[in-house]
Engineer: 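The structure's right below; bear with me while I get my questions together.
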Amino acid sequence: MNKLRAAVYGLVVGDALGFPVEFKKRGSFYVEEMTGFGTYNQPPGTWSDDSSMTLATCDSIREMGRIDLDDLRRRFENWLFHSAYRAGESLFDYGRTTYEALKGGCGINDYQANGNGSLMRIIPLAFLDVSDSEIEAVSALTHAHPISKEACCIYINIARHLLAGQDLSAILKGLEVSAPFADLKNLEVLPESQVSSSGFVIHTLQASLWCLLQTSSFSEAVLRAVNLGDDSDTTGAVTGALAGIVYGYEAIPKNWIAELRNKELIERCLFDTNLMSHQ
Ligand SMILES: [Mg+2]
């Protein structure tokens, strides 16, 4: 439970730190605290779709005791179309692929549909005994292209090794990935100028792992991610979940957690990871 709490709060904090500066150009701003009223004119501590869909996933696992694809899809629809799982009343910052998939009832399998929309919500699966094909099926509810599905599997695989206390450099060296992900092997020597923080799922995965490799505390990792700019909330969220696992819940600055909106919802959605490991 504690590591799940660390991963989920890490993700929500990263989302909330990056949300006010989403789409801003790297170097044109610098975030070091929880701010607000930026890109979406929302108060500090507001989190977005990344957190909403992660919480919906947690809540589904909590209630169903396993991965139930129909239940997951219903909860995602409730978030997008019926105001569930939100920081406040309004809806903002949903991805086009996610919208089209949930509207049409079928995940999108185009190369162009490889935004980071399934990667940003997949972390709860690191706490379940599920196979790669189940991880892929959860991605494919919205993002059904092989690249999106592999990105989710790589991310969960890395998260599980981090949960086991392994070192990220060693994990990356041992990784077996297909050609589009080959750069993950060279992250340690990659200069910041070559780290893209666009919404492309491979970029988000690379940028997040790069931030973790380059830093040595929760706040450093998440601030490095958010300050890469562009898709700053999702890069922050994807980094924050792993940084939470590595450094623990206590390492997340208390004032950042205190400022988060709708913490009651976050608390309600967390599931008991001890029960899940026996599924
Ligand atoms: Mg977002």
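Just so you know, these numbers come straight off a predicted model, no measurement behind them. Indexing begins at 1, ligand by ligand and atom by atom, following the structure's order.
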Engineer: Would one find an N, O or S atom of D231, in either backbone or side chain, under 2.8 Å from the Mg ion (ligand 1)?
Structural biologist: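 No, since none of the N, O or S atoms of D231 sits under 2.8 Å from the Mg ion (ligand 1).
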Engineer: Pick from D93, V12, I123: which one makes a side chain to side chain contact (heavy atoms under 4.5 Å, CB included) with D50?
Structural biologist: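 With D50 as partner, D93, V12, I123 yield a single side chain to side chain contact (heavy atoms under 4.5 Å, CB included), made by D93.
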Engineer: Give a rough value, rounded to 10 degrees, for the angle at the Mg ion (ligand 1) between atoms OD2 of D233 and OG of S48.
Structural biologist: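 It is 90°, given to the nearest 10°.
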Engineer: Going by the angle between their ring planes, with limits at 30° and 60°, are Y40 and F23 parallel, tilted or perpendicular?
Structural biologist: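 Tilted: the ring planes of Y40 and F23 meet at 30° to 60°.
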Engineer: Need the atom name: nearest N/O/S atom of D93 to the Mg ion (ligand 1).
Structural biologist: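 For D93, the N/O/S atom sitting closest to the Mg ion (ligand 1) is OD2.
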Engineer: What N/O/S atom of D50 is the closest to the Mg ion (ligand 1)?
Structural biologist: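 In D50, the heteroatom (N, O or S) nearest the Mg ion (ligand 1) is OD1.
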Engineer: Do you know which of D59, N262, N78 makes side-chain hydrogen bond (donor to acceptor under 3.5 Å, both in side chains) with Y85?
Structural biologist: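 Testing Y85 for a side-chain hydrogen bond (donor to acceptor under 3.5 Å, both in side chains) against D59, N262, N78 leaves exactly one candidate, D59.
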Engineer: Just say parallel, tilted or perpendicular for the rings of Y111 and F200, cut-offs at 30° and 60°.
Structural biologist: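 Plane angle between 30° and 60°, so tilted.
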Engineer: Measure from NZ or CZ of K103 to the centre of the six-membered ring of F81, then state whether that distance is under 6.0 Å and the direction lies within 45° of the axis.
Structural biologist: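 So K103 does make the cation-pi contact.
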Engineer: What atom name does the N, O or S atom of D49 nearest to the Mg ion (ligand 1) carry?
Structural biologist: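 This turns out to be OD1.
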